[in-house]
Amino acid sequence: MERIIFHVDVNSAYLSWNAVWDLQHGSSLDLRTIPAIVGGDPESRHGIVLAKSSPSKKYGIKTGETLFSALMKCPDLKIVPPRYSMYLKASDAMVEILREYSPVIERYSIDECFMDMCHIRKEDAVSVATGLKDRILKELGFTVNVGISTGKLLAKMASDLQKPNKVHTLYKEEMAQKMWPLPIEDLFMVGPRTAEKLRKMNIHTIGQLANTDPSFLHERFKKYGHMISCYARGIESSTVKNEGTVEMKGMGNSTTLPFDFTDRISCHNVLLSIGETLVPRLRRAGKKAKTLSVHIRYSDFTSISMQNTLPFSSDSTSLLMEEACALFDDMWNGEPVRHLGISFAQLEDRFREQLSLFPDHKSEKMKKMDQVMDLIRKNFGEEALIRATFLHSPVRAFSGGVVEKDYIFMNSHL
DNA sequence: TCTGGGGTCCTAGGACCC
DNA sequence: TCTGGGGTCCTAGGACCC
């Protein structure tokens, strides 16, 4: 029996959510109706476009470009800062509604969900999706696109067809008409690099890709070639993965520094501050890490990474950060540093203790200290406790993660 | 006023063992 | 001194997604 899958995609998510929040808190201006973007702070070198309103699209503004460049295209552009914790609440509020329609929902990202809708009839799909879309608009104040098909890939391609506030179907029999004329880079998993290579091979549309010999694509692009060949022909059969059923493979945190750092100690402090949010997150996820990697981006934008697999796995902030600093010292060439990151891989369950013949009193103590610090911060706030090394340092004691504090619960009615 | 941050997966090469 | 192949694990980098 054929499946029915919905893909729900919030239109200009960050910008819409900012707009709705502002309206609900007394603003008379709807950001969605003017050239506006959500953007980072150029002062701290986070100045890129994160989301844009549709009027700003008319100026040719693209997600990911610099605010400087966006302002050149539209000097009157309204720029608002991101509010990540509010986005999480908005996303949760939407998922709560989706759950009334299906027990199997996969949160693909903060603003996209797949829904297994196999319990409805194909001929009812469009009206159910339309009802869902309209309800989200009425109750939460923002628009979504809903894509409908028999699989996740085509549902996702469908939700991308025409925006905003639309329901589209993209069944196999509609591919030739709706999907194949599209440019190659519109296909899921074909990014700018691959699109360029394909164009050089005279493949410009998804239809042309679908008609290219799969074995040729496999030869040229290996496994990846086989995959995009299947995608172009609508072949894909993965299931909708309910929340909590997907195992976390890795976890990381990184940050662009407000200016280039040229001394080792400041870089170490940044790594420590990343660890102060990252390792507690690891512990909250019930994991410990066996592999740790450090990433450096230099001021010329070249970047390097190095990883180290420990003989055991750990969730101790002090131990892991000691490793991170040691790795940094190994790999740093002394050039100015623009960006630093740490990530963990080979995660294991936290409570699967590896017994040691000789109890290590130092690590026992460090583990207890981590627990106490987690507890104090949970009860008294993140900044109730900071490492002494940050007292006289320009580096903030915490970096990455969610920093929004002034959130007021999102009103579900306008 | 040049270019964010959090993920996943794949590849190629090397180490090491049998 | 030179010559094998298979399997597994690790590493650095790069592609893609949002």
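All heavy atoms count here, side chains included; hydrogens, waters and symmetry mates do not. We name chains A, B, ... by the order of the sequence lines, and we start the count at 1 in each one.
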Among [options], which nucleotide sits nearest the side chain of [X]?
X: A/Lys249; options: B/dT8, B/dG7, B/dG5; result: B/dT8
X: A/Lys222; options: B/dG4, B/dT1, B/dA12; result: B/dA12
X: A/Ile48; options: B/dG4, B/dT1, B/dA12; result: B/dG4
X: A/Met248; options: B/dT8, C/dC17, B/dC10; result: B/dT8
X: A/Tyr108; options: B/dG5, B/dG4, C/dC18; result: C/dC18
X: A/Met306; options: C/dC16, B/dT1, C/dA12; result: C/dA12
X: A/Thr309; options: C/dA12, B/dG7, C/dC10; result: C/dC10
X: A/Arg338; options: B/dT3, C/dA12, B/dG7; result: B/dT3

P spacing across the pair B/dC2 / C/dC18, given as an integer number of angstrom: 29 Å
Short side-chain N/O contact from [X] to OP1 or OP2 of [N], under 4.0 Å:
X: A/Thr255; N: B/dG5; value: yes
X: A/Thr291; N: C/dC10; value: no
X: A/His339; N: B/dG5; value: yes
X: A/Arg281; N: B/dG7; value: yes

Earlier contact from the 5' end, DNA chain B, for A/Lys223 and A/Met251: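 Nearer the 5' end of the strand: A/Met251.
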Note, A/Asn308 side chain near A/Val294 side chain (heavy atom, < 4.5 Å): no
Which part of the nucleic acid does [X] contact within heavy-atom distance under 4.0 Å: base, sugar-phosphate only, or nothing?
X: A/Lys156; value: sugar-phosphate
X: A/Glu112; value: sugar-phosphate
X: A/Gly341; value: nothing
X: A/Leu71; value: base
X: A/Thr194; value: sugar-phosphate
X: A/Tyr224; value: sugar-phosphate
X: A/Gly40; value: nothing

Syn/anti state for C/dC2 [syn: chi within 90° of 0]: anti
Audit row: A/Val240, A/Ile5, side-chain contact (heavy atoms from CB on, under 4.5 Å) steps and yes/no: CA-CA 8 Å; A/Val240 178; A/Ile5 307 293; 3.7 Å; yes
Rounded distance in Å - CZ (A/Phe344) to C1' (B/dT8): 18 Å
Polar side chain donor-acceptor pair, A/Arg297 to A/Ser254, under 3.5 angstrom: no
Secondary structure of DNA chain B in dot-bracket form (Watson-Crick or G-U wobble, distances below 3.5 Å, | marking inter-strand pairs): ....||||||||||||||
Side chain to side chain contact (heavy atoms under 4.5 Å, CB included) against A/Thr262, all qualifying residues, sequence neighbours excluded: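 Partners of A/Thr262 by the side chain to side chain contact (heavy atoms under 4.5 Å, CB included) criterion, ordered by chain and then number, come out as A/Pro336.
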Passing candidate, salt bridge (charged side-chain N to carboxylate O under 4.0 Å, His left out) with A/Asp22, options A/Lys78, A/Arg83, A/Arg32: A/Arg83
Aromatic plane relationship, A/Tyr87 with A/Tyr14 - under 30° parallel, 30 to 60° tilted, over 60° perpendicular: parallel
